[in-house]
Number of protein chains: 2
Amino acid sequence: MQVQGTHYRTVWMDGNTVKMINQLLLPHKFEIIELPTHLHTAKAIKDMVVRGAGAIGASAGFAMAQAFIEAEKEIKEYVDAARKHIEMTRPTAQNLFYATKRVYDAAINSENPKNIALNEAQKIADEDVSNCKKIGEHGNKLIKDGFKIETHCNAGWLAFVDWGSALAPVYCAKQKGKKVFVYVDETRPRCQGAMLTSWELLNEGIEHRIIPDNAGAHYMSQGIDMMIVGADRIAANGDTANKIGTFEKAVVAKEFGIPFYVAAPTTTFDPECRTGKDIPIECRCEDEVLYATGLSDTTGKISRVRIAPKGARALNPAFDVTPAKYITGIITEKGIIKPDSNEIKRLFNE
Amino acid sequence: MQVQGTHYRTVWMDGNTVKMINQLLLPHKFEIIELPTHLHTAKAIKDMVVRGAGAIGASAGFAMAQAFIEAEKEIKEYVDAARKHIEMTRPTAQNLFYATKRVYDAAINSENPKNIALNEAQKIADEDVSNCKKIGEHGNKLIKDGFKIETHCNAGWLAFVDWGSALAPVYCAKQKGKKVFVYVDETRPRCQGAMLTSWELLNEGIEHRIIPDNAGAHYMSQGIDMMIVGADRIAANGDTANKIGTFEKAVVAKEFGIPFYVAAPTTTFDPECRTGKDIPIECRCEDEVLYATGLSDTTGKISRVRIAPKGARALNPAFDVTPAKYITGIITEKGIIKPDSNEIKRLFNE
């Protein structure tokens, strides 16, 4: 997608070097970070220079390929250690393990492991792009010219290699010449809406406004045409875990008859989870709620301010689970499905 | 109420000096500001050193009394000018006009205007306290031992002279020996929940946690016993304007069958407004959404950080209107009523 008029992916390979957008500095500074070895790339994943399921997966695949390229003698010993190291960076990221395994399995017993590993890693990144593009094309069919669309958190191209999930239909609609207006939930506590989604939309020239999470019902009651969000994990019955606040928006959208769509590639479905009750909810550090982070007005540096009084405590569930009954449909690369067990099963049996 | 173990009101008179808690520094610093003349007090109201309907009203009454005390010759000329000056500080604050008028009317033609004005201003402040205390007693009847209560924004004693509206039932329940737990919505964009409600509850020793506004549905679906909020204006049919986000919480509370109460003195009702549609919604400065304010980690000073990218825009409606059908009851100093025109009419005809 576009950054100041130039096309970028979130992460890519240039020779033997992995390059990625440093998301720790966004939206205040745009910087490409260069990672010459798998150790550098692994550290970037661990430090959250890159975040988002698809983007992490592609980065891990590239890191695995770097390890094969670096290996001189004792190839197996070297890449085994590298794989272990890469997999320790973000132990709950499903896509990370998928990518390291896929690159490893393809290359380890081949005649030209360096080339094979690189090709396989590139394929993973390219598939991420083409899946997200297909999500955009399917989702675009739901969008009419002039639509007002609300989104929560960031499920844009920064979370994948390109296009994104929830924002892909918006980007596709724009390319087809439709005019859309996006209400961007700021998405406290980490404000990925205000920081990342708004930054993407500014760069793509899509009209939007950041709204406090509190303003949802106010604007929905006045007329929003649809809501699209991403997903962190989708259970076998369609219950969907996503950024905290998604559940609340889904309830309010239902009250006002606003179609509520989840957009996610099929890799986000977890058939092992029967329902949302099986999805564990990570509670993160209280400081994310007690403080806010941004660019200081006085020092010009990224820093944080404490909002709450000394001694105050907070609860900080990172995700919530939206029961399937609140979800109008799930937009996948294979098409749009109803959030129920049979349709989800069919998706995987086709 | 209590601040570090000492009893305080939000604003009071000490001799001819008005004293108030400087709410601009809360929750990071507790400071009493001394205002020797009506000009100082008016400036404090204008600069939002004091905020909240009841607290503004009492402050304006005291400022009017100060003007009478200051007047030497040409009393009428002096106090007329002072009244105009005080009334210009916060032109939409209903309680402010009520208080200046009441003090003025009581004193202007009396034989001892200085004493009469002071007494009348004191009466206004005392009535605010007794009304809020009664709201607490009525609301307390709804609270069972062990209740989990959610509240939005700050409708505590800092917004009045003492006790508050939405928090008064919680304080009363505590005094009666009941154990309560409060979920405090942080209430972006100005974070009055995280900053003020949490500070009050810490000082009163009431167990609570600050939650992101986004976590409402997550916790309500797991079991919250009731929600109590304040009000900025209540229409003749019970529709209620209050801090942005109140409407969303009311919708979600209804979905999960959680009783949703508004607590407000009868002075908050506006019979001139037939329904919520007649209540204008103030849109405030975009910067409140684009930035967050707090105590800087690096400088130790109150400062702000920019969350959103350069060039991003925001929408910032300060209030929303919750239709009466989402409200279980309104807790007033005269008792708890249903939010409908007949009960509201009866409230004023008794």
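Sequence lines set the chain letters: A, B, ... in the order given, protein chains first and strands last, and positions in each chain run from 1.
The shortest heavy-atom contact between B:P27 and A:A308 is CG-C, 4.0 Å. Listed here is the closest heavy atom pair of B:L202 and A:A312: CD1-N, 3.8 Å.
In terms of heavy-atom pairs under 4.5 angstrom with chain B, the leader among A:V184, A:I211, A:L26, A:V252 is A:V252. Each of B:L201, B:V251, B:I244 has some count of heavy-atom pairs under 4.5 Å with chain A, and the biggest count is that of B:I244. Put simply, of A:P309, A:C191, A:A250, A:A314, the one with the most heavy-atom pairs under 4.5 Å next to chain B is A:P309. By number of non-hydrogen pairs under 4.5 angstrom with chain A, the leading residue of B:G245, B:G311, B:A292 is B:G245.
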Could you walk me through whether A:V305 and B:L295 pass the side-chain contact (heavy atoms from CB on, under 4.5 Å) check? CA-CA 5 Å; A:V305 292; B:L295 200 68; 5.9 Å; no

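Residue contact with chain A, scored on non-hydrogen atoms closer than 4.5 Å, involves the side chain of B:L290 exclusively. Of the atoms belonging to B:F256, it is side-chain heavy atoms, and not backbone ones, that fall under 4.5 Å from chain A.
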Donor-acceptor pairs between chain A and chain B under 3.5 Å, which ones?
| from | atom 1 | to | atom 2 | distance (Å) |
| --- | --- | --- | --- | --- |
| A:H28 | NE2 | B:R306 | O | 3.3 |
| A:E186 | OE1 | B:R188 | NE | 3.2 |
| A:E186 | OE1 | B:R188 | NH2 | 2.6 |
| A:E186 | OE2 | B:R188 | NE | 2.9 |
| A:R188 | O | B:N214 | ND2 | 2.8 |
| A:R188 | NE | B:E186 | OE1 | 3.2 |
| A:R188 | NE | B:E186 | OE2 | 2.9 |
| A:R188 | NH2 | B:E186 | OE1 | 2.6 |
| A:I210 | N | B:R313 | O | 2.9 |
| A:I210 | O | B:L315 | N | 2.9 |
| A:D213 | OD2 | B:N214 | ND2 | 3.1 |
| A:N214 | O | B:G245 | N | 3.2 |
| A:N214 | ND2 | B:R188 | O | 2.8 |
| A:N214 | ND2 | B:D213 | OD2 | 3.1 |
| A:G216 | N | B:E248 | OE1 | 3.4 |
| A:A217 | N | B:E248 | OE1 | 2.9 |
| A:G245 | N | B:N214 | O | 3.2 |
| A:E248 | OE1 | B:G216 | N | 3.3 |
| A:E248 | OE1 | B:A217 | N | 2.9 |
| A:E248 | OE1 | B:K249 | NZ | 3.2 |
| A:E248 | OE2 | B:K249 | NZ | 2.9 |
| A:K249 | NZ | B:E248 | OE1 | 3.2 |
| A:K249 | NZ | B:E248 | OE2 | 2.9 |
| A:E255 | OE2 | B:Y326 | OH | 2.6 |
| A:L295 | N | B:R306 | O | 2.9 |
| A:L295 | O | B:R306 | N | 2.8 |
| A:D297 | N | B:R304 | O | 3.1 |
| A:D297 | OD2 | B:R304 | NE | 2.6 |
| A:D297 | OD2 | B:R304 | NH2 | 3.3 |
| A:R304 | O | B:D297 | N | 3.1 |
| A:R304 | NE | B:D297 | OD2 | 2.6 |
| A:R304 | NH2 | B:D297 | OD2 | 3.3 |
| A:R306 | N | B:L295 | O | 2.7 |
| A:R306 | O | B:H28 | NE2 | 3.3 |
| A:R306 | O | B:L295 | N | 2.9 |
| A:R313 | O | B:I210 | N | 2.9 |
| A:L315 | N | B:I210 | O | 2.9 |
| A:Y326 | OH | B:E255 | OE2 | 2.6 |

